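Remarks on the structure that follows.
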Amino acid sequence: MIHTKIEKITKATVSLEASGIGNEEMAWVDNRLAQVVKINKNQVTLQVYVGTEGISTNAEVVFLGRPPVLKVSEHLAGRFFDAYGQPIDGNPEVEGEEREIGGPSVNPVCREQPSELIATGIAGIDLNNTIVTGQKIPFFADPDQPYNEVVANVALKAQADKIILGGMGLSNDDYLYFKALFENAGALDKIISFINTTENPPVERLLVPDMALSAAEYFAVDKNEKVLVLLTDMTLYADALAIVSNKMDQIPSKDSMPGSLYSDLAKLYEKAVQFPKGGSITIIAVTTLSGGDITHAIPDNTGYITEGQLFLRTDTDIGKVIVDPFRSLSRLKQLVIGTKTREDHGQVMNAAIRLYADAAEAKTKRDNGFDLSKYDKRCIDFARDYSRHLLAIDVNLDTKAMLEVSWRLFEKHFSLDELGIKKAISDKYWRGPGNNGN
């Protein structure tokens, strides 16, 4: 049925009287895609993705009778899609079963305790902030830091069956960077990408995470695969929420964000899950910080939902961006460290962080004009090597290799007694002087 009597038009929505309409149902309004966002008896409000400018009160409204859907099959792998799940790589549309996007998260009784390592290939993450399948964790970064480079490296190196990229507000250069990198690396067979660029309407960003997570659910549930979902940038996703909220004349909350921000973010992050049959969905999501402000509503709400956080920081001593070991934390790492990784992982991690902290204290003494001890100087030298060889985002090592590098750095800068590592561990892995176990 075609409706031609629109009763109210705002900057982002149109309202009309209609019956038999469902929540989140899709529609065409004057040949523009729209979605039902509110139903009050027979009064239906639709959000028009590209805006309502030029729409008249007698414009045609056609309801499609379904919410947004994604066609799922094995043929999703290696493809690039827009926010509506339509191909943007010049290849034919994927044939498969239609699945509604944006459904509820998994019932807690159907979840299993996360217990499997998901190595990212980036030593600064895997050594100190090991990620577990079924975990949800944000990547906090300043807008000028190379966070998309990190996302791309994780996509290429992560030990997962499928990698699903959800790009929101990407520049065209970033989109082409991802596409060329994945193609040249020969990794398209396990990567699926849903892309919204700056050339697309900002409101379309709201569909990207749901599209990515619906594809993830297909591979995790139907195929029992280990799926890693990479979302970038959740700040731009939240900005799109704010645009819609403002155009719908809703009263803004903290930092001009909508009052529903927490639930909007939680709805996505809670899709992370470990299934009893072996499939899993793990979420790593970039959230850029405005002026480094971690108290802004977006990172603040994110922190309450997720299980830790990863921070990028520029290390001025080596001139590279590193994964900050002080501000980063994976709250589930204890579930796999030493069990799914080598036995010395926990001891090496703790010793390295303690020595890195001693180096930070030594730098403060130096900067304030105090004399440094020989131990202080060795700590500073260690911190420089540790950042360059392990924390820098361009360091790609497997978990065994990163532990070996750590031991060699210990041997270079410290005596065995200064490490504070259990004798049973040091006897096995320490190659320097003072080891009576070798």
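Everything quoted here is computed from the prediction, not taken from an experiment.
No donor-acceptor distance shorter than 3.5 angstrom exists from the side chain of D142 to the backbone of D144, with no hydrogens or angles considered. A donor-acceptor pair under 3.5 Å links the side-chain atoms of T339 to the main chain of V336, judged by distance alone. A donor-acceptor pair under 3.5 Å is absent between the side-chain atoms of S193 and the main chain of L165, judged by distance alone. With hydrogens and angles disregarded, no donor-acceptor distance shorter than 3.5 Å links the side chain of S260 to the backbone of S263. Distance alone, capped at 3.5 Å, is enough to place a donor-acceptor pair between the R79 side chain and the N91 backbone. No donor-acceptor distance shorter than 3.5 angstrom exists from the side chain of D385 to the backbone of F382, with no hydrogens or angles considered.
Below 30°, between 30° and 60°, or above 60°: for F182 and F80 the angle between ring planes is below 30°, a parallel geometry. Using cut-offs of 30° and 60° on the angle between ring planes, the pair Y429 and W407 is parallel.
For the residue pair S105/Y269, the side-chain donor-acceptor check at 3.5 Å is not satisfied. In summary, the side chains of D174 and S171 do present a donor paired with an acceptor at a separation below 3.5 Å, with no hydrogens or angles considered. Side-chain contact check for T120 and D126: at least one donor-acceptor pair (N or O, by modelled atom type) lies under 3.5 Å. In the model, N58 has a side-chain atom that pairs as donor or acceptor with a side-chain atom of S56 under 3.5 Å. With hydrogens and angles left out, the side-chain atoms of T364 and D367 include no donor and acceptor closer than 3.5 Å. S330 and Q135 form a side-chain donor-acceptor contact under 3.5 Å, judged by distance and modelled atom types alone. Using modelled atom types, one finds no donor on one side chain facing an acceptor on the other under 3.5 Å when comparing Y177 with E149. T13 and T10 share a donor-acceptor pair across their side chains, judged by distance under 3.5 Å alone. No donor-acceptor contact under 3.5 angstrom links the side chains of T282 and T133, judged on distance only.
Annotation: side-chain hydrogen bond (donor to acceptor under 3.5 Å, both in side chains) contacts involving residues 298-311, sequence neighbours excluded, comprise K136-E307. Within the structure, side-chain hydrogen bond (donor to acceptor under 3.5 Å, both in side chains) contacts touching residues 389-401 (residues at least two apart or in different chains) are K320-D394. Applying the side-chain hydrogen bond (donor to acceptor under 3.5 Å, both in side chains) test to every pair with at least one member in residues 158-167, sequence neighbours left out, gives these pairs: K162-E225.
Each of I243, N246, L241 was evaluated against P258; a single residue qualifies, L241, per the side-chain contact (heavy atoms from CB on, under 4.5 Å) test. Partner of L312 under the side-chain contact (heavy atoms from CB on, under 4.5 Å) criterion, chosen from L289, D324, I393: I393.
For Q86, the CD atom sits in a packed shell: over 12 heavy atoms of surrounding residues, nucleotides or ligands are nearer than 6.0 Å. Summarising the local packing, CD of Q43 is surrounded by more than 12 heavy atoms from other residues, nucleotides or ligands at distances under 6.0 Å. No more than 12 heavy-atom neighbours from other residues, nucleotides or ligands sit within 6.0 angstrom of NZ on K8. For E60, the CD atom is loosely surrounded, since the number of other residues' heavy atoms within 6.0 Å does not exceed 12. A 6.0 Å sphere centred on NZ of K226 holds more than 12 heavy atoms belonging to other residues, nucleotides or ligands.
Across L46 and A27, no two heavy atoms sit closer than the pair CD2-CB, 3.5 Å. Taking all atoms of both residues into account, the shortest heavy-atom contact from K157 to G121 is CB-CA, 3.8 Å. Of all the heavy atoms in R99 and V72, the pair that sits closest is CG-CG2, 3.5 Å. Of all heavy-atom pairs between L390 and L127, the closest is CD1-CD2, 4.0 Å.
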Begin from the C-alpha positions of Y218 and V227 and carry the test side chain to side chain contact (heavy atoms under 4.5 Å, CB included) through to its verdict. CA-CA 10 Å; Y218 166 72; V227 183; over 6 Å; no
Pair I125, F139 - check side chain to side chain contact (heavy atoms under 4.5 Å, CB included), show working. CA-CA 11 Å; I125 299 175; F139 219 129; 3.9 Å; yes
Evaluate E7 against E17 for side chain to side chain contact (heavy atoms under 4.5 Å, CB included), listing each step before the verdict. CA-CA 8 Å; E7 297 178 0; E17 191 170 305; 3.7 Å; yes
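Contact check on R342 versus E404 returns a salt bridge, with a Lys/Arg side-chain nitrogen under 4.0 Å from an Asp/Glu carboxylate oxygen. Between K271 and E217, at least one side-chain N (NZ, or NE/NH1/NH2) sits under 4.0 Å from a carboxylate O, which counts as a salt bridge. Residues E116 and K340 are paired through a salt bridge, judged by an N-O separation under 4.0 Å between the basic side chain and the carboxylate.
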